[in-house]
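All heavy atoms count here, side chains included; hydrogens, waters and symmetry mates do not.
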Amino acid sequence: MKNYKLTLLIAFLLGLNLAAKATTLDSLGLKKENNKTFLLFKVGPKQSLFSILKRYNLSLTEFKSANAAIEIPVKTGEILYIPLHYLEESNPAPKVVEEKVAETPKEAEIHIVAPKQGLLSVANMHKVTMAELRKWNNLTSDRLQEGQRLIVSDPSGSKSTIAVDKTSLLPAETTVAATAPAAAPAPVSEAPAKEKGPEDIKKKIETGIAELIDVPDNSGKFLALHRTAPIGTLVLVKNLTNNQSIWVKVIGRLPGGDSKVIIKLSPKAFEKLNAVDKRVRAEISYLLQ
């Protein structure tokens, strides 16, 4: 009786081992060939081509184009090539993401993420903002994975008309000053005004970090926040990593925090610096009168 129970236990463990192997050995990893990425799939016992096509959402034509040397029906132990983008569609994923992909119109542009490519570089490439990419793709992180597909145009097909209110970028006390009624013009003096000479004009140069104001912005304005430059001052910002420069207009005060940050730029202005991150080492210069 004891031998009989021992035999049943051994058979049960062998069955579990075979089941585990059947579920883990069918996928052998990834392989790149001709600028395309494939999943290497090993055909298991009693596994039909129909079940494999259904599992990875592949048509027979698509299968043949990737596996021209494979004869049908497939045999146990053969290695098949499964295109990576079909794998992404068929793998289990959060329902919200699947519904978003299903509702995407055909005319929406799709970008395939390249190795070491970040959200900012994708936004610069397609002339959209990082905030728009997060919204269109339901992103909760700016980190991207190689081969990930991103929607890079408005799925609704219409351009957004939402613009950033300049005063929303300013601290509270600056906003009040910006919205206050204009002061009455001073009486004109009959005495001729003294003209300012070159000695009255000074050029100020600062070196530090220029940082992106990461908010949705379709205004196309080149705006900035600075600690001391008067409102309305035009500032020349130079990216020291690539010597790319852009003129911006100061519209508010830079909030306290990181002392290394000398200026913050609106998304459209920051794009012109061709930076690869949200912060870049920069030199700024402007005139003081």
Practice prompt. Let me know which of His111, Gln148, Gln145 forms a side chain to side chain donor-acceptor pair (under 3.5 Å) with Gln117.
Written response: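 Exactly one option meets the side chain to side chain donor-acceptor pair (under 3.5 Å) with Gln117, and it is His111.
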Worksheet entry | side chain to side chain contact (heavy atoms under 4.5 Å, CB included) between Met130 and Leu212, intermediate numbers included | CA-CA 11 Å; Met130 295 170 65; Leu212 166 70; 3.8 Å; yes
Item to complete: Please assess Leu254 against Lys264 for the test side chain to side chain contact (heavy atoms under 4.5 Å, CB included), listing each intermediate value before the final yes or no.
Response: CA-CA 7 Å; Leu254 190 65; Lys264 286 195 174 188; 3.3 Å; yes
In the single-linkage hydrophobic clustering (I, L, V, M, F, W, Y; side-chain heavy atoms under 4.5 Å), do [X] and [Y] co-cluster?
X: Leu80; Y: Phe50; value: no
X: Ile112; Y: Val122; value: yes
X: Ile246; Y: Leu240; value: no
X: Val261; Y: Val276; value: no
X: Met125; Y: Leu150; value: no

Discussion item. Parallel, tilted or perpendicular, judged at 30° and 60°: which one describes the rings of Tyr56 and Phe41?
Written reply: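 If you compare the ring of Tyr56 with that of Phe41, the planes turn out perpendicular.
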Just verifying a value: how many Å separate [X] [atom1] and [Y] [atom2], rounded to the nearest 0.5 Å?
X: Lys249; Y: Leu223; atom1: NZ; atom2: CG; value: 8.5 Å
X: Glu132; Y: Ser153; atom1: CD; atom2: OG; value: 10.5 Å
X: Ile263; Y: Ile209; atom1: CD1; atom2: CD1; value: 12.5 Å
X: Thr228; Y: Arg253; atom1: OG1; atom2: CZ; value: 7.0 Å
X: Ile262; Y: His226; atom1: CD1; atom2: NE2; value: 6.5 Å
X: Ile251; Y: Thr233; atom1: CD1; atom2: OG1; value: 12.5 Å

Practice prompt. Would you check, one step at a time, whether the test side chain to side chain contact (heavy atoms under 4.5 Å, CB included) holds for Leu60 with Leu49?
Written response: CA-CA 9 Å; Leu60 184 59; Leu49 177 59; 4.0 Å; yes
Worksheet item: Is there a side chain to side chain contact (heavy atoms under 4.5 Å, CB included) between Tyr81 and Leu40 once you walk through the steps?
Response: CA-CA 5 Å; Tyr81 281 29; Leu40 297 182; 3.4 Å; yes
I need the minimum non-hydrogen distance between [X] and [Y], along with the two atoms involved.
X: Val128; Y: Glu271; answer: O-OE2, 3.2 Å
X: Tyr286; Y: Glu206; answer: OH-OE2, 3.3 Å
X: Ile110; Y: Ile151; answer: CD1-CG1, 3.9 Å

Worksheet item: So do the side chains of Arg134 and Leu119 get within less than 4.5 Å of each other, counting heavy atoms only?
Response: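 Touching, per the 4.5 Å side-chain cut-off.
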Worksheet item: Hey, what else clusters with Leu236 if you join Ile, Leu, Val, Met, Phe, Trp, Tyr whenever side-chain heavy atoms sit under 4.5 Å?
Response: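 Cluster partners of Leu236: Leu234, Trp247.
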